[in-house]
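Below, chain A is the first sequence line, B the second, and so on; all start at residue 1. Because the structure is predicted, anything quoted here is derived from the model rather than measured.
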Amino acid sequence: MSGGFASGALASLLAARWPRLAIRLGHLGVLVGAIAGGATAIDVLADPSAPALRIELPRLMPLAQLALRVDSLSAFFLLVISLVAAAAAIYGPAYLEAHGAMGRGRAGAHVLALGVFVGSMSLLCCAGDALSFLVLWEAMTLASYALVVSETHRDENVHAGLLYIVMAHIGTALIAFVFVTLAELGNGTDFDVLRTAGHGLPDGVRSGLFFAAFAGFGVKAGVVPLHVWLPHAHPAAPSHVSALMSGVMLKVAVYGMLRFAFDLLAPGGSPLPASWGWTVLALGTLSAVIGVLYALQQHDLKRLLAFHSVENVGIILMGSGLAMLLVHRGDSANRLATLALAAALLHTLNHASFKGLLFLGAGAVVCRTHVRNLEDLGGLARRMPWTSGLFLLGAVAISALPPLNGFVSEWMTFQALLGGGSQVGGGGGLFSVFAASMLALTGGLAAACFVKAFGATFLGRPRSVHAEAAIEVPRSMICGMLGLALACVALGVVPGYAMALLDGPTSSLVGGPGASAVVTARGPLVLSSVGGAGFGAAIFMPAIAILCVALGIAAWIMRAWPRRPARRSAPTWTCGFTPTSRFDYSATAFAKPLRLIFALLYRPRRQVERENPDSPYIIKRMRYHGDVVDLAETAVYHRFQNAITSVAGAIRARSTGRIHGYIGYVLITLLIVLLLFGKA
Amino acid sequence: MTPATATELIDDIGGLLLFTMILILGAGQVYRAIYAVAAQSVFLGIAGAVLAAATGNPDLWVIAAITIAIKAIALPWLLLRVVKQIEVRLEIDAVIPISMTLVIAGAIVVLSFYLAASLGAVRQSITGDALPVGVALMLLGVLVMVSRRKALTQMVGLFAAENGIFFTAMAVSQGMPLIIEIGVILDVILGALVMGILVLRVRSSVDADIADLEELRG
Amino acid sequence: MEAFEHIAIALAQMILIAACSPLVTGVIQKLKARLQCRSGASVVQPYHDLMKLLRKGTVQSDTASGMFRVLPALVLAATLVAATLVPAVWVPEDRAAAQLPLGDAIVLTGLLALARFLTAIGALDAGGAFGGMGASREMTVGVLVEPVLMLVVFSVALAGGTTDLGRLATHRLAVPSFHAPDLLALLAMLVLLLAETGRIPVDNPDTHLELTMLHEGMLLEHSGPGLACMVLAGHLKQLVMISLVAAIFLPIGLATQLAPYAIALALAAFAAKVLVLSVFLALVESSYAKLRFFRLPQFLGVGFVTGFLALSLRIL
């Protein structure tokens, strides 16, 4: 598996002189690696009872034994990564060629970074000890940084990259702190050693470590309020890399969080502290609502999608938080925990498929129009029918509408939240059910957002010459999208078959019989939440899909029933004027009602300039500029930044610029450290 | 009527009282708020009648009758008259946006359940949700007074808060002594009269509302 | 065999709802006309309108894409599937043992949301300001409605222990209760009913002025059979919402066996319930003015807080 990535990366280095060849070979390597990874993952997942696959690496480093270890949780995330990586590898070469702007050296470097990025993500999920985890984590961060700034001709990319790397390293520091503390206690870096060390921790320390790890992974996953880097960095990368960052890299952080919460830091068999579950559930709900609310007000197609990743990570966290809350608290609670965790993991897979699809679709638009602003697009449905159809499919899936996959995992999350609500009762139960209604709000907002995004991009008239001249993308790009689209449909119509994949991870994390015994207890076609005395319901997705299609066909036939209707085409009704593209409803206008309703949160700014040279009543031209601010960015980060700047200013005043001055500071620091810690 | 059915009915009426309170909070126009508070008083009167039938206490019949006569008919009529006389703008002037008030209202209800639960011994002696609902009604009435600018709407809030107190008293102790109840109602009437006359006077002499009085400070 | 029977009955109920839905609209219009001292059109007028539309040719906007013609059929299909899920007349006695679970409340709201989504996509397809404006407003209403609907459903579902509509209905048939949470949930649901059926405080179904339309604005570019599909979907959605209220709050009279007299009784009960709710809609529509669009958050906010109260009273 890693061989594929490595050979791809190396081949691209060798072939750096011939950019086309480098790109082809590099992506081929990624594809091979992804297929190998997927095969390994399915192999492990198919037999949940088998012991974890363990590979001891030769002693490369003097300090520690490095090991790779593929248990079922790792395998599941490996599968998610492989799915999107394979699609991106098929899609990538044509995209890079069509998008242009790839010089000779740059192509090689780009593909090298891609290989390192995908490879380190895949291996990260299989890391068996702290040291390799941290090294791979860092490699993943740096490679993705390189990809973000790969289009360096833009200032904003450099800025986004800087913000990303600073935030990511704060996260890395927190994770490293947790690892080091555990390694210190257990006197070793292997996960088995860490786990034994984790079992015996006092409660306060355990929770402290968990929250540090959660914050560290939260930065990477884009949990509100740690999300500010995400909407800047993800759109800056090339589109298939955005798909990987948004669809997959966030999941690696989720993997890390689950690994810590249920495995390394868990008190082995007894319930996790309640504060963990509530925190994760509350922050997940917050991320879901805030993420989609900000997504709604974006004009940049890719940034809109990036904000939706914040939302979907929030939904995943809602399921995970509920699972943390209910795990090992009796039999029926444990079944609910299984349901919640299965919902979270299924949503992980689902999000990877539809978000990957949407980013690839957005990439197709960008590579044909070179425009990301929604206001300059439009009318592409007639010019790029395949892309628009597939993007629409992804939009339906992400808006959690039946019969596609987004709905299935949200249905399971709903059931878990309701079941949890009636299980916990009291204020906590009320919060859990309230979170479910916020999930419904999220679904509604996502639907509104994707009507806007799809409508402004693909429907109506083209609003710029770029959109006017667009043509359909090459076949290999469509194939990449088609693969993910098929995954969306399959996971939506027959989700029961995917439950078998979740057996291993759920039973190893939560204990008990695993997902398929709980969710597909009534055969693989029927999904049911916990039945019996507890809260329960069931859905039969294939029937809904079949009915939708059959009735759609019936309605289609009915249209032509009394007689075949005559058809003619005419301009759109615009009160008698000749319609132009300026009559179309713009994306900004579409989101305006919600901007006003949630004005308290958005703090919208608007600027209207009127040109009326002759008379105040006759307006010749109007210019509107509207904007919303990210409250977390302005209220927290800008203040933080100002504080750092002022501290830096204070330090500058103490900087003499002379070398002995600095040596003097070093001497003083040394003395202080010796005085503090030297006694022991 | 058995005590169990009475408790159930009182609970149901508590739900309706809460709903009318939400209507008062969500009302965009003054007269809707007045109608809603009148409806609330009618429900309160019915609650009194239910309790009277259940306990056989004749005082409660009197109180129910007085509640309906004065709070559901006389006072709303007075308020509507004032509205007509001063031709106040029909839209309610809110200090806090109405949708925000509704969110706060939800929080207050949850809070009052906690407050009621913390009363432990008292809570256990009363079946049903009457106590937390009563507390919530009282607090929401005060919320109306806090969040509205015009004197008339504040009057509505006062009535609503007072309804909450009545409801709590009825549910908790099967009603206060008759003389106190009548005294309280007289107080409210007096308050309404003073407020009404004040509004009319201020309006006719300086053409300003009570809310503008804050500009008087030095 | 049982599975086929279930599907057959669900489809029969769907056909019943689909066949009656224009009539319900006609009845509401007639009631409204009588309340306003007009004689009004006949109650079967909506059928005539539909037939007229089916016979007409189509005029399609020259900017619309290929999917513009398919969307009406899909919208109608999604609404029809939603109609199969509501237990309008018949509900099996032991729903838990049923082979095929048809009728989850969350699926129902999901399907209605799907219909809304596709309608809005169709509205944007032709370009032009009116479709866009209608779509934007309709999606905004959808955003405000969905959490309230879910709160109401959840507060009822917690008592019944399931979100399956059939099992909820049988539960309430067995344990009829009208406690405070049920009352509040019903009141919240009535607020919602006005919004979801596009009735007056929220939308005006009779308007022909482009700027005031929500739902009608989105249909502006459709014509002929396509428009017929959209209009029928509108009637259907209204009756589906009405039957939903009837099924989870007033399940009295639902048939649990397939005996002819039970079915006849259930049909009569269904007709009575629908009539009561139609009178409610007509009354509200005749006595209120349409709200300004930006007052809607307040109106639906009342629904939201009421639903939240229902939930709190249920769970605390």
Q: Take Ser437(A) and Val148(C) through the side-chain contact (heavy atoms from CB on, under 4.5 Å) test and state the conclusion after the steps.
A: CA-CA 8 Å; Ser437(A) 85; Val148(C) 188; over 6 Å; no
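- The most heavy-atom pairs under 4.5 Å with chain A, out of Asp62(C), Leu53(C), Val81(C), come from Asp62(C).
- If you measure heavy-atom distances from Thr84(C) to chain A, the contacts under 4.5 Å come from the side chain alone.
- Under the 4.5 Å side-chain criterion, counting only non-hydrogen atoms from C-beta, Cys575(A) is in contact with Phe130(C).
- With values rounded to the nearest 0.5 angstrom, Ile315(C) atom CD1 is found 6.0 Å from Leu430(A) atom CG.
- Looking at Arg382(A), its side chain does come within 3.5 Å of a backbone N or O of Ala64(C) through a donor-acceptor pair.
- Annotation: side chain of Leu76(C) is not in contact with side chain of Leu551(A) (no heavy-atom distance under 4.5 Å).
- Neither the backbone nor the side chain of Leu417(A) comes within contact range of chain C; no heavy atom of the residue lies under 4.5 Å from a heavy atom of that chain.
- Side chains of Lys452(A) and Met139(C) form no contact here, defined as non-hydrogen atoms less than 4.5 Å apart.
- Only the side chain of Ser399(A) comes within contact range of chain C, with at least one heavy atom under 4.5 Å from a heavy atom of that chain.
- Proximity to chain A involves both the backbone and the side chain of Phe117(C), based on heavy atoms less than 4.5 angstrom apart.
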(Q) Arg116(C) vs Val451(A), test: side-chain contact (heavy atoms from CB on, under 4.5 Å). Steps then yes/no. (A) CA-CA 10 Å; Arg116(C) 192 197 302 268; Val451(A) 168; over 6 Å; no
**Q.** Audit row: Leu114(C), Phe407(A), side-chain contact (heavy atoms from CB on, under 4.5 Å) steps and yes/no
**A.** CA-CA 11 Å; Leu114(C) 177 67; Phe407(A) 175 77; over 6 Å; no
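- With hydrogens and angles left out, the side-chain atoms of Thr572(A) and Glu221(C) include no donor and acceptor closer than 3.5 Å.
- Ala123(C) does not touch chain A: none of its heavy atoms, backbone or side chain, sits under 4.5 Å away.
- Across Gln415(A) and Asp104(C), no two heavy atoms sit closer than the pair NE2-OD1, 3.9 Å.
- Only the side chain of Phe304(C) comes within less than 4.5 Å of a heavy atom in chain A; its backbone stays farther off.
- For the options Gly66(C), Ala228(C), Ala135(C), heavy-atom pairs under 4.5 Å to chain A are most numerous at Ala135(C).
- Contact count versus chain A (heavy atoms, under 4.5 Å) is highest, among Gly142(C), Cys229(C), Gly110(C), Gly224(C), for Gly110(C).
- The environment of Leu596(A) atom CG is dense: over 12 non-hydrogen atoms of other residues, nucleotides or ligands sit within 6.0 angstrom.
- Of the residues considered (Ser223(C), Ala105(C), Ala126(C)), Ala126(C) shows the highest number of contacts with chain A, using heavy-atom pairs under 4.5 Å.
- Ile539(A) pairs with exactly one of Asp164(C), Thr163(C), Ile106(C), Val107(C) by the side-chain contact (heavy atoms from CB on, under 4.5 Å) rule, that one being Val107(C).
- The part of Ala589(A) that comes within reach of chain C is its backbone (N, CA, C, O), which places non-hydrogen atoms under 4.5 angstrom from that chain.
- Both the backbone and the side chain of Phe590(A) come within less than 4.5 Å of a heavy atom in chain C.
- Residue with the most contacts toward chain A among Ala78(C), Ser312(C), Gly131(C): Ser312(C) (heavy-atom pairs, distance under 4.5 Å).
- Proximity of Phe454(A) to Leu124(C): side-chain heavy atoms (C-beta onward) are nowhere separated by under 4.5 Å.
- For chain C, the nearby part of Met438(A) is the side chain; its heavy atoms alone come within less than 4.5 Å.
- The candidate from Ser586(A), Pro402(A), Gly443(A), Gly421(A) with the greatest count of non-hydrogen atom pairs under 4.5 Å with chain C is Pro402(A).
- Residues Leu459(A) and Met67(C) have side chains in contact (heavy-atom distance under 4.5 Å, counting atoms from C-beta outward).
- Between Phe414(A) and Phe154(C), the ring-plane angle classifies as tilted under the 30° and 60° cut-offs.
- Between chain C and the residues Ala570(A), Gly444(A), Ala440(A), Ser569(A), the most heavy-atom pairs under 4.5 angstrom are made by Ala570(A).
- No other option in Gly425(A), Gly455(A), Pro571(A), Ala381(A) has as many heavy-atom pairs under 4.5 Å with chain C as Pro571(A).
- Both the backbone and the side chain of Pro593(A) come within contact range of chain C, with heavy atoms under 4.5 Å apart.
- Ala436(A) touches chain C through backbone and side chain together, each having a heavy atom under 4.5 Å away.
- Between the side chain of Asp584(A) and the backbone N or O of Gly128(C), at least one donor-acceptor pair lies under 3.5 Å.
- Ranked by heavy-atom pairs shorter than 4.5 Å toward chain C, the options Thr580(A), Leu439(A), Val433(A), Thr574(A) are led by Val433(A).
- Residues Leu144(C) and Ile597(A) meet the side-chain proximity criterion, which asks for heavy atoms closer than 4.5 Å.
- Heavy-atom distances place no part of Leu149(C) under 4.5 Å from chain A, backbone and side chain included.
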